[in-house]
Protein chains: 2
Amino acid sequence: MKQMEEKIFREFLEKKGCKLTKERAAILSEVFSKHGHFDPEDLFFKIRAKGMKASRASIYRTLQLLLECGLVEQVERVDKHAHYEHIFGHKHHDHLICLKCGKVIQLFSEKLSKLQEQLCKKENFRCVSHTFEMKGYCEKCRAR
Amino acid sequence: MKQMEEKIFREFLEKKGCKLTKERAAILSEVFSKHGHFDPEDLFFKIRAKGMKASRASIYRTLQLLLECGLVEQVERVDKHAHYEHIFGHKHHDHLICLKCGKVIQLFSEKLSKLQEQLCKKENFRCVSHTFEMKGYCEKCRAR
DNA sequence: TTTATATTGAGATTGATTCTCAATTACAAT
DNA sequence: ATTGTAATTGAGAATCAATCTCAATATAAA
């Protein structure tokens, strides 16, 4: 089960005529090292901190590939720069984002999934991905 | 009915101890001159083209104010820069986006609004904006 | 080994957005 | 009207994430 994502990534790359280099492997491993959001700059430093290396350019390039093959998802921009999260092995979820403290609350809703299906059916639309995010103030922050 | 948005904006500004200057009025008027998405750079040139003036700085500052008072909504970033649409006088809607032909289907769902409220209540979250978009294939395009 | 192709990284570049701050404006109080 | 006070403006500088450039390097096949 472990390293399943590496297998998926390698196969995806091969199909494209690309290779799983040590930089790409380092990025992949860091991305999957724990669950949660991250941004490219994060990755850059964490990879260094672990004694591996990858340039910013490679990080941006590799994230693009990871999006393409569906191992990573782009989260809506919270402030000014992009955030990502890996999705392989995790149930899809949506987000509540606090505008004050930046906290991201994950949301799992069966009802929402059902509703989505209904809405698509009505329009005869085949959905391949969706984004649902609410911005506002979390419990703590709304109490001023 | 016309210029209703100006009344709303002025009252909002007054409450903040701010004024409806001619620059702010020019921006407001341009924003409401037609329906559809726009970006700050657009505004900058269109305002000039109409013989009015406002600096980029003022445009960005004023858009912030318009977001604050709810007259304008930020649309999810399509490419790299922010897009907006004015919402006063228009029902909120979500989008289905066809990946093949680019068609954007507007979506109005009472159920979705209700569900949103429920979800926020559960987390004690005060929602100020949301994004819900599904990407996939529209009726025509899914038939290959 | 030779050849061809993919990949990398340092640094430059881009471009949207934000910031700075001196000059200007609006308006209330005298 | 004049003065004082606070809000506002704009030109250009600064910021900073993201992208691009391109020579050097790695990889794999012939």
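Numbers restart at 1 for each chain; the letters A, B, ... are given by sequence-line order, proteins then strands.
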Which atoms of nucleotides 9-11 of chain D (N or O only) lie under 3.5 Å from a protein N or O atom, and what are those distances?
unit_1, atom_1, unit_2, atom_2, d
D:dT9, OP1, B:T21, OG1, 2.5
D:dT9, O3', B:E23, OE2, 3.4
D:dG10, OP2, B:S55, N, 3.1
D:dG10, OP2, B:S55, OG, 2.8
D:dG10, OP2, B:S58, OG, 2.5
D:dG10, N7, B:R61, NH2, 3.0
D:dG10, O6, B:R61, NH1, 3.4

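- Under the 4.5 Å side-chain criterion, counting only non-hydrogen atoms from C-beta, A:F12 is in contact with A:E68.
- Atom pair A:L63:CG and C:dT8:P shows a separation of 13 Å (rounding to whole Å applied).
- Between the C1' atom of C:dT7 and the CG atom of A:L65 lies a distance of 11 Å, rounded to the nearest Å.
- Scanning both residues, A:L20 and A:E6, for their nearest heavy atoms gives CD2-CG, 3.7 Å.
- Between the C1' atom of D:dA28 and the CG atom of A:L20 lies a distance of 15 Å, rounded to the nearest Å.
- Closest approach of B:M134 to B:L107, counting heavy atoms only: CE-CD2, 4.3 Å.
- For the OP1/OP2 pair of C:dT18 and a distance below 4.0 Å, the side-chain nitrogens and oxygens of B:Y60 include no atom meeting the criterion.
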Acceptor/donor pairs from residues 53-60 of chain A side chains to any protein atom, 3.5 angstrom cut, sequence neighbours excluded:
unit_1, atom_1, unit_2, atom_2, d
A:S55, OG, A:A57, N, 3.4
A:S55, OG, A:S58, N, 3.1
A:S55, OG, A:S58, OG, 3.4
A:R56, NH1, A:E41, OE1, 3.0
A:R56, NH1, A:E41, OE2, 2.3
A:S58, OG, A:R61, NH2, 3.3

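- A straight line from CG of B:L28 to P of D:dT8 spans 15 Å, rounded to a whole angstrom.
- As rounded to whole Å, 11 Å separates atom P of C:dA28 from atom CD of B:E14.
- What separates CD1 of A:I27 from P of C:dT8 is a distance of 7 Å, to the nearest Å.
- Side-chain atoms of A:T62 and A:E23, non-hydrogen and from C-beta on, never get closer than 4.5 Å to each other.
- Per the geometry, CD belonging to A:Q64 stands 14 Å off C1' belonging to D:dA17, to the nearest Å.
- The aromatic rings of A:F108 and A:H93 sit tilted relative to each other, their planes meeting at an angle between 30° and 60°.
- Nearest nucleotide to the side chain of A:K19, out of C:dT18, D:dA28, D:dT19: D:dA28.
- Regarding A:K16, its NZ atom lies at a distance of 21 Å from the P atom of D:dT27, rounded to whole Å.
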